[in-house]
Amino acid sequence: MTELALSDILFTSGGRYNISAHKLGGKMNDRIRIARLTLRKTQGQLAKELGVCLNTIASWEAGTRTPPTRKLVALCAALGISFDYLLKG
């Protein structure tokens, strides 16, 4: 699993961001984490938006669990990403 820290995402004063290319993961869990960090959301904030507990978001990002189908559309909307990107990259 690719480790990604908030320090890997460089924010500018205009709110733009840049993620080091070598840090971009090819797995769904990496894409969830990257999208959340890009929006500067905490796991707790995302969990509240989706109506799940913080541990659920943490397990999705760790890759130990996969979001259930019924949550995928809401997850994409909350993260501002497409369904296709979430699943395939």
Side-chain angles (χ1 to χ4, degrees):
M1 179 173 96
T2 302
E3 290 296 320
L4 182 74
L6 188 56
S7 61
D8 294 319
I9 300 175
L10 307 174
F11 294 97
T12 65
S13 60
R16 295 189 179 125
Y17 59 90
N18 181 29
I19 303 169
S20 302
H22 72 280
K23 293 289 184 178
L24 293 174
K27 296 183 179 181
M28 183 189 306
N29 63 305
D30 293 323
R31 291 188 292 275
I32 293 169
R33 185 166 188 215
I34 289 167
R36 178 183 60 78
L37 291 173
T38 298
L39 295 173
R40 297 183 180 185
K41 291 184 181 184
T42 65
Q43 289 180 335
Q45 289 168 325
L46 183 58
K48 186 175 181 179
E49 285 182 48
L50 298 175
V52 299
C53 66
L54 186 141
N55 290 341
T56 298
I57 301 297
S59 66
W60 293 350
E61 291 185 1
T64 56
R65 291 178 59 198
T66 303
T69 305
R70 69 183 184 280
K71 290 291 182 183
L72 290 177
V73 173
L75 179 60
C76 289
L79 296 175
I81 58 176
S82 70
F83 188 75
D84 189 54
Y85 171 74
L86 178 65
L87 295 181
K88 299 177 187 176

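- Closest heavy-atom contact between I81 and A35: CG2-CB, 4.0 Å.
- E61 has its side chain within reach of R36: a pair of non-hydrogen atoms, C-beta onward, lies under 4.5 Å apart.
- Taking all atoms of both residues into account, the shortest heavy-atom contact from L86 to R31 is O-NH2, 2.9 Å.
- Here L54 contributes atom CG and T42 contributes atom OG1; the two are 7.5 Å apart, rounded to the nearest 0.5 Å.
- Scanning both residues, L79 and I32, for their nearest heavy atoms gives CD1-O, 4.0 Å.
- A pairwise comparison of heavy atoms in E49 and A78 identifies OE1-CB, 3.4 Å as the closest pair.
- Proximity of a side-chain donor or acceptor of T56 to a complementary backbone N or O of V52 within less than 3.5 Å is not detected.
- For K48, the NZ atom is loosely surrounded, since the number of other residues' heavy atoms within 6.0 Å does not exceed 12.
- Connection of L39 to V73 is not established within any shared hydrophobic cluster, with ILVMFWY side chains joined at heavy-atom distances below 4.5 Å, either directly or through further cluster members.
- Within the model, atoms CZ of R70 and CG of L75 stand 12.5 Å from one another, a figure rounded to the nearest 0.5 Å.
- Across all non-hydrogen atoms, the minimal contact from P67 to M28 is CD-SD, 3.8 Å.
- At least one side-chain heavy atom of I57 sits less than 4.5 Å from a side-chain heavy atom of L50.
- Nearest heavy atom pair, residue K71 against residue W60, reads CB-CH2, 4.2 Å.
- Put simply, CG on L87 and SG on C76 are 7.0 Å apart, with the number rounded to the nearest 0.5 Å.
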